[in-house]
Amino acid sequence: EIVLTQTPDLQSAAPKETVTITCRANQSAGNSLHWYQQKPGQSPTLLIKYASQPISGVPARFSGSGAGTDFTLTITRLEAEDSATYFCHQTKNLPWTFGQGTKVEIK
Amino acid sequence: VHLVESGGGLIQPGGSLRLSCAASGLSVSNNYMSWVRQAPGKGLEWVSVIFNNGNSHYADSVKGRFTIARDNSKNTVSLQMNSLRDDDTAVYFCARGTGLNFWGRGTLVIVS
């Protein structure tokens, strides 16, 4: 099973700052790594698919990079509405798995 | 695209429950359809997927207890959950794709 470990668990940043969330896999996930945003009481929404492919309708300040075992989600010019929990997810191997989540708070 | 889950509720340990996901705007037979759950205050846990070729797969935590199926005529995906345990308590989401690009609002299952 591919285990995904996100760092940090909690990130606090001020508006307009840049936030970087890392997702590390214990074995190669290729580029089959996706990122989601979840706000309290809501369903997750897809931000980035296949490591770096943008999703229509998602603000351009969200970007993804990486391949293999190390992946990054970057949020530039942080806005108040970006306060949420972010999850990575791999579909390289079954069983599919999620990272434990990173909560982003706005100062 | 809309996915609407139903069938959740309060069930005693050892009991069974069947969740349903009604899809509109897409054909479940042509898509990968997954169930993902989230225990109260916890992260996301992938549960099961049924591929467009009909093959299905499960997380180890539910293998042998849960069964995913689809009804092409009704355009629905179901999750039959047997031998339920306390730690199956969660909101269960239906989602589509590999990058899961459409999600339902979820249905709450409480095993107690």
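Please read these numbers as outputs of a predicted model, since none were measured by experiment. Order of the sequence lines fixes the chain letters, A, B, ..., with proteins taken first and strands second; residue numbering starts at 1 for each chain.
The part of Q38(B) that comes within reach of chain A is its side chain, from C-beta onward, which places non-hydrogen atoms under 4.5 angstrom from that chain. Of the atoms belonging to Y58(B), it is backbone heavy atoms, and not side-chain ones, that fall under 4.5 Å from chain A. In this structure, the portion of V36(B) lying under 4.5 Å from any heavy atom of chain A is its side chain and not its backbone. When heavy atoms are compared at a cutoff of 4.5 Å, V91(B) does not approach chain A at all. Residue Q38(A) touches chain B through its side chain alone, counting heavy-atom pairs closer than 4.5 Å. In this structure, the portion of S34(B) lying under 4.5 Å from any heavy atom of chain A is its side chain and not its backbone.
Ranking L94(A), T45(A), T85(A), T91(A) against chain B, the residue ahead of the rest is L94(A), based on heavy-atom pairs under 4.5 Å.
Ring geometry for F98(A) against Y36(A) counts as tilted: the plane angle lies between 30° and 60°, on a 0 to 90° scale.
Heavy atoms only, all atoms of each residue included: H89(A) and L100(B) are closest at CE1-CD1, 3.7 Å. Nearest approach of A95(B) to W103(B), heavy atoms of both residues: CB-CD2, 3.9 Å.
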Given R61(A) and E79(A), is the salt bridge (Lys or Arg N to Asp or Glu O under 4.0 Å) satisfied, shown in steps? CA-CA 10 Å; R61(A) 62 180 182 276; E79(A) 297 188 7; 3.4 Å; yes
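N93(A) and E1(A) are not linked by any side-chain donor-acceptor pair at a separation below 3.5 angstrom, with hydrogens and angles left out of the test.
For the side-chain hydrogen bond (donor to acceptor under 3.5 Å, both in side chains) with R24(A), the qualifying choice from T5(A), D70(A), T7(A) is D70(A), the only one to do so.
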